[in-house]
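One structure is given below, encoded as structure tokens.
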Amino acid sequence: MSAVSRATAIAHPNIALAKYWGKRADGHNLPAVPSLSVTLAGMATTTEVAFDPSLDRDELHLGGAALPPDAEATRRVAGLLDRVRAASGRRERARVVSRNDFPTAAGLASSASAFAALALAASAAAGLPTAPVLVSDLARKTSVSAARSAFGGFVELRAGRPGDASLAATPLAPADHWPLAVVIAVTREGPKDVGSSDGMRHTATTSPYFPAWVDAAPSMFEAVRAAVLARDFAALGAAAESSALCMHASSIAASPGLLYWTGATVEVIAAVRRLRAQGTPAFFTIDAGPHVKVFTTPEARGAVEQALLAVPGVLRTISAAPGGGAHLASAASPEGREGP
Ligand code: 2P0
């Protein structure tokens with residue numbers, strides 16, 4: 001009889017400057033386009049995985065509440081754990097206890113930090129190697145954006161290619177390469193209406209603009225990448241806004257149209273353009289939700305926060321900055337030894 005083996009990992013959300021939106025049609029959860037993101041400090045998911053021989057099914061506890069076995073999140077977690085069991089030879093089911101210190105499923109990239117933390121904690125608890133490249137590939141198989149949260153700083157993930165068995169993100173530059181400031185304008189509390197996986201599937205299958213997005217995304221990715229390496233704020237803003245607007249245009253053109261924005265989302269876009277016209281460095285990006293993520297410099301952060309809070313419909317702002325990748329909080333083998 002074996003004992004419980006557990007590990008706890010911490011991971012952070014990331015915000016894509018060059019967006020991932022859409023999967024390759026040939027399966028394996030491979031992205032149709034390359035993406036580039038910044039991993040954030042200031043928001044975290046902490047996840048403990050305990051492989052326990054007394055369990056007869058995998059359990060997910062999120063923010064203090066047990067999720068039903070047939071919940072979508074529980075099934076995705078069990079899918080990742082199945083891969084870990086297959087790779088490690090373990091058979092025990094696991095108890096997964098996870099909490100976010102920021103709103104869950106509100107378009108604030110909670111699945112990225114959630115599956116990066118889960119991939120690392122589950123690998124460590126099962127005694128598998130925990131190199132970030134392996135954690136990134138394991139996380140990507142469940143949630144593509146989670147591949148990027150395995151690493152800190154500026155992170156890229158190429159598009160999938162036919163026959164890819166594995167695909168991991170790659171670090172492009174560390175967090176201190178460019179001390180950008182991020183101000184998130186929260187425009188609604190509570191979960192979004194259409195999750196990312198469903199939204200991109202609907203877009204890929206019904207939008208006449210989806211092929212155009214897949215064609216255009218690589219050049220926007222290259223422009224974002226070059227601007228990050230050159231620390232060229234104006235060039236980064238132009239490329240990142242194009243990537244976000246083209247991604248949303250592809251969804252808006254789906255049938256029926258998928259519009260993640262509210263009126264406040266549009267008002268924040270206008271406010272960011274006014275700030276820029278007045279000489280304040282700022283650009284926006286928007287994910288599969290109504291919030292607007294505004295990038296600026298540390299010096300201009302206060303002015304940007306004030307301007308965003310003055311926009312009708314902005315409920316509050318969250319401050320963030322580039323930060324580190326997923327890491328273990330603790331790991332114990334059945335004998336109770338501390339892990340790395
Ligand atoms: C991104 N998003 O690059 C894009 C921009 C949302 C908009 O990655 O189906 O949760 O789990 O692979 O990773 C959100 O999609 O989707 C996302 P799945 P995921 O950050």
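Heavy-atom basis, side chains included; hydrogens, waters and symmetry copies ignored. Order of listing sets the numbers, starting from 1, for every ligand and every atom in it.
- Aromatic ring centroids of F295 and F284 lie 6.0 Å or more apart.
- Put simply, the residue from L67, D58, V96 that forms a side chain to side chain contact (heavy atoms under 4.5 Å, CB included) with T74 is L67.
- Distances from atom 1 (C) of ligand 1 to the heavy atoms of R201, R148, R76 put R148 nearest.
- Put simply, the residue from R93, R95, R6, R85 that forms a side chain to side chain contact (heavy atoms under 4.5 Å, CB included) with F51 is R85.
- Within 6.0 Å of the CD atom in Q306, the count of heavy atoms belonging to other residues, nucleotides or ligands does not exceed 12.
- Closest to atom 16 (O) of ligand 1 by heavy atom, among M200, R140, H248, M247, is M200.
- Against a heavy-atom cut-off of under 4.0 Å, T142 is close to the following atoms of ligand 1: 11 (O).
- Checked by distance only, ligand 1 and A16 stay at 3.5 Å or farther apart across all their nitrogen or oxygen atoms.
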Step-by-step salt bridge (charged side-chain N to carboxylate O under 4.0 Å, His left out) determination, R158 to D164: CA-CA 11 Å; R158 69 165 171 81; D164 270 339; 3.1 Å; yes

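- Applying the 6.0 Å contact sphere to CZ of F233 captures more than 12 heavy atoms from other residues, nucleotides or ligands.
- Using a 4.0 Å cut-off to heavy atoms of K19, the atoms of ligand 1 that qualify are 3 (O), 5 (C).
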Hey, mind stepping through R75 and E72 against salt bridge (charged side-chain N to carboxylate O under 4.0 Å, His left out) and telling me if it holds? CA-CA 5 Å; R75 286 195 282 112; E72 170 71 10; 3.1 Å; yes

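- Proximity of S111 to ligand 1, defined as any heavy-atom pair under 4.0 Å, is confined to the side chain (atoms from C-beta onward).
- The distance from ligand 1 to the heavy atoms of S145 drops below 4.0 Å at these ligand atoms: 8 (O), 10 (O), 13 (O), 19 (P).
- Between S197 and ligand 1, an N or O atom pair is found at a separation short of 3.5 Å.
- Those atoms of ligand 1 with a heavy atom of K23 less than 4.0 angstrom away are 9 (O), 12 (O), 18 (P).
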